[in-house]
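So you know, we letter chains A, B, ... as the sequences are listed, proteins then strands, and number each from 1.
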Amino acid sequence: MSKKSLFTFFVTVLMIAGLLAGCAGNAAPEEQAATGKIKVFGAFATPIEEPWDGVVHDALLKAQEDGLIEYTFTEDIGYTGDMERVLREVAEQQKPDLIVGDAFVNEEAVRRAAAAYPEIPFVFGSELGPVTPNLAVFDNWIHEPAYLSGMIAGGLTKSNTIGVVAAVPIPEVNRLVNAFIAGAKETNPEVTVLVSFINSFFDPATAKEQALAHISAGADVLFAERAGVIEAAAEKGVFVFSNMSDQNAIAPEWVVTGPVWNMTPTIEYVIAQVKAGTFTAMDLKDFSMYALGGATLADFHGNDAKVPAEILDAVKAKEEAIKSGMFRVPIDEAQPGAVN
Amino acid sequence: MGDFIVDIIAATLRIATPLIFATLGELFCERAGILNLGIEGTMFFGAFSGFTAASLSGSLWVGVLTALVGGMLSGWLMSLLSVRLGVNQHVSGLGITLLMTALALFGFRVIFGESRVLPSITPFSQLSIFPNSPVLGEIFSQYTLTYIAIALIPIVWWVVFRTNFGLNLRSVGDNPEATDAAGINVYRLRTIALVIGGALMGVGGAFLSVAQLGSFTFGIVAGRGWVCIALIIFANWHPVKVLWGALLFGSVQALQSRLQLTGIKLPYELFMALPYVVTILALTLAGRNASYPAALLKPYKRE
């Protein structure tokens with residue numbers, strides 16, 4: 001693994017060098033005063049092809065298209081110490097009105113940079129809390145649609161075995177998987193949910209092998225917490241639930257639906273706050289949940305016809321209960337066992 | 001139980017395929033005296049170029065061929081640095097990995113844009129050799145590239161140990177001065193070895209994108225190149241042992257993914273670490289008798 005981290009380090013250094021060279025001279029500080037747009041900078045640890053960062057990036061792009069912001073970003077900052085430098089340089093030179101990004105592994109660096117520039121609002125993806133006066137946090141709180149997906153999965157399985165292939169047992173992964181399991185148990189108390197981890201955020205070939213192992217073990221419905229699982233489901237012809245964004249296009253016949261995260265409610269709320277001068281360091285969790293449109297089920301693309309009608313009715317009723325606040329999906333961040 | 005074992009053997013062959021290709025590629029490089037740490041990036045570039053060509057042309061075999069050429073290009077670049085210029089092989093190899101990784105990601109974004117849904121193709125389907133046998137039919141229902149990988153083992157063995165080229169290759173990796181004195185162009189031979197090696201690494205990477213997944217994403221190689229660097233030492237630079245090494249790693253990987261689902265009350269990390277632990281153990285045992293190509297890591301400069 002040391003070779004890998006060394007490699008990551010070199011990649012990071014090279015890419016940062018390239019990006020900084022590319023960004024030089026882009027700053028035009030006086031421009032936005034005339035247009036009334038606020039200047040937003042995105043700071044991402046991974047390439048924006050990464051699904052989590054991709055959702056945040058998409059919401060910022062949408063805000064730019066809507067004429068709300070002027071958006072620049074740096075991606076692939078990595079986890080080897082560059083985050084704090086990038087944030088400090090941006091804060092000094094571009095002086096953005098708002099910085100959005102993902103903290104997680106760079107948690108301490110982001111918090112140091114935020115403390116050093118208390119006049120700039122920082123809005124970061126994080127598992128930890130907000131810091132007054134200027135660090136607000138968010139995360140993908142999509143356990144509610146994960147629960148609904150689980151309900152459908154429970155109704156679809158004939159073998160009473162469902163397989164989940166997940167990345168690494170961190171809280172944000174665990175609460176999705178646990179909610180999915182709880183949902184499946186609600187519609188099908190007999191169901192067994194198998195869970196395995198690939199110990200990596202990106203290794204689709206291993207995820208696919210893991211998914212094939214689930215199918216061999218009798219699973220006839222899968223939850224693709226990670227990329228690679230849908231491919232296995234399509235190959236073997238079993239139903240599968242996607243994650244994070246609508247992945248139906250990969251296997252239109254087999255991807256039923258799945259939790260979708262939408263960052264636009266969060267971003268629009270923060271932009272309004274910044275414009276009004278009322279930015280508050282808070283946990284923005286609610287804006288990534290069902291009631292405010294931050295979490296939804298993906299479009300069925302016609303596959304709802306394959307789901308038993310009574311299950312669909314139950315899901316719709318549960319969806320309404322969640323929206324109206326009458327049902328709260330339990331948040332369980334403990335590591336799920338292998339057999340549930 | 002029988003099904004369980006058949007299932008594991010079939011998975012083992014799938015997991016081992018990219019490792020066989022790339023480790024055989026590394027074998028050519030190292031037998032010629034060049035440690036090619038560009039392997040990870042070359043596989044990644046192979047996965048990218050193979051997928052892209054398959055996607056644009058509509059032919060999976062055009063994809064494989066393009067990955068082969070892409071890998072050759074990467075091997076040739078490595079030869080410019082490590083053979084012609086005599087740059088430190090660790091540095092030039094890591095440099096090639098950085099370059100090919102970045103080129104692939106850049107090319108991917110230029111060609112396919114920033115879609116949230118990965119562009120995909122219909123990958124190779126598995127080819128059943130014994131469709132009527134329940135056991136052999138299941139095991140030998142594999143991708144064509146898997147059969148090619150296995151067929152390459154005796155071919156590479158023959159090339160390395162039974163041909164003139166193989167003799168020169170081995171001698172240039174052990175004693176380039178003597179080889180040069182015998183009238184053989186050391187630079188040219190090492191360049192050819194790196195180009196062949198790169199081609200095999202590229203195809204190994206393309207297996208992931210055009211056979212196993214039908215899509216390309218960053219992180220698709222996920223350190224498999226580094227595993228091959230360990231496997232080549234385990235194999236003592238012998239093609240047949242490359243097969244055993246790749247199958248050993250593949251079988252433990254296939255086993256662990258099934259053990260995770262049995263509900264044995266052990267941390268999953270233990271299962272995930274198993275293939276690496278076994279590889280390290282095997283390497284420790286086999287590595288004691290490792291006989292490195294004597295000129296490995298030494299740039300050759302003609303006096």
Side-chain angles (χ1 to χ4, degrees), chain A residues 1 3-4 6-7 10-11 13-15 18 46-51 54-55 57-58 61 76 163 165 169 194-206 208-214 216-219 227-228 230-231 234-235 242 244-251 335 337-340, chain B residues 3-4 7-8 10-11 14-15 18 37 40-41 94-95 97-99 101-102 105 108-109 114-120 123 125-126 207-209 212-224 226 229 253-254 256-269 271-273 276:
Chain A
M1 280 296 139
K3 260 179 193 161
K4 206 174 168 185
L6 187 72
F7 161 65
F10 279 119
V11 173
V13 169
L14 202 80
M15 289 201 164
T46 69
I48 45 130
E49 276 82 6
E50 195 282 321
V55 168
H57 176 68
D58 280 352
L61 281 180
D76 210 3
V165 180
L194 304 172
V195 178
S196 58
F197 294 97
I198 59 168
N199 215 27
S200 162
F201 291 100
F202 303 97
D203 188 349
T206 297
K208 185 183 174 190
E209 278 302 328
Q210 200 73 257
L212 291 172
H214 278 279
S216 301
I230 296 174
E231 286 80 353
E235 184 178 308
S242 58
M244 206 80 85
S245 60
D246 184 350
Q247 305 284 321
N248 180 273
I250 298 177
Q335 181 178 338
V339 182
N340 302 278
Chain B
D3 284 356
F4 187 74
D7 191 43
I8 283 185
R14 284 195 303 269
I15 297 168
L37 293 182
E40 178 86 4
L94 289 175
T97 284
L98 294 178
L99 176 71
T101 307
L105 286 174
F108 186 70
R109 196 174 289 176
E114 289 178 11
S115 166
R116 239 8 104 225
V117 178
L118 287 177
S120 57
S125 45
Q126 277 117 313
F207 172 81
L208 298 169
S209 61
Q212 214 166 9
L213 291 166
S215 59
F216 172 81
T217 162
F218 83 103
I220 190 170
V221 177
R224 284 174 178 77
W226 308 135
I229 297 286
Q253 182 76 35
Q256 75 80 15
S257 62
R258 282 152 185 82
L259 285 182
Q260 272 200 51
L261 304 180
T262 54
I264 299 171
K265 294 272 181 241
L266 284 173
Y268 84 98
E269 289 92 341
F271 298 118
M272 288 304 303
Y276 300 93

Counting only non-hydrogen atoms closer than 4.5 Å, does [X] touch chain B with its backbone (N, CA, C, O), its side chain (CB onward), both, or neither?
X: A/Val55; value: backbone
X: A/His214; value: both
X: A/Ala217; value: side chain
X: A/Asp246; value: backbone
X: A/Ser242; value: neither
X: A/Glu235; value: side chain
X: A/Ile230; value: neither

If you look at every heavy atom in [X] and [Y], which pair is closest and at what distance?
X: B/Leu261; Y: A/Ser196; answer: CD2-CB, 3.9 Å
X: A/Pro47; Y: B/Phe218; answer: CD-CE1, 3.7 Å
X: B/Tyr268; Y: A/Pro169; answer: OH-CD, 2.9 Å
X: A/Ile198; Y: B/Met272; answer: O-CE, 3.1 Å

Donor-acceptor pair, side chain of B/Gln260 and main chain of A/Phe197, under 3.5 angstrom: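 Yes, because the side chain of B/Gln260 sits within donor-acceptor range (under 3.5 Å) of the backbone of A/Phe197.
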Return the option, out of [options], with the maximum number of heavy-atom pairs under 4.5 Å with chain B.
options: A/Gln247, A/Met244, A/Gln335; value: A/Gln247
options: A/Gly228, A/Ala205, A/Ala338, A/Ala234; value: A/Ala205
options: A/Asn199, A/Leu61, A/Val195, A/Val339; value: A/Asn199

With respect to chain A, which residue among B/Ile15, B/Ile8, B/Leu118 yields the maximal number of heavy-atom pairs within a distance under 4.5 Å? B/Ile15
Heavy-atom pairs under 4.5 Å with chain A - which of B/Gln126, B/Gln253, B/Arg224 has more of them than the others?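 The option with the most such pairs is B/Arg224.
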Could you tell me whether the side chain of A/Lys208 reaches within less than 4.5 Å of the side chain of B/Leu208, counting heavy atoms only?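 Side-chain contact under 4.5 Å: no.
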Any side-chain heavy atom of B/Leu105 sitting closer than 4.5 Å to one from A/Glu49?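 No, side chains not in contact.
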Give, as side chain, backbone, both or neither, the part of B/Thr262 having an atom under 4.5 angstrom from any heavy atom of chain A.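 Interface part for B/Thr262: backbone (N, CA, C, O).
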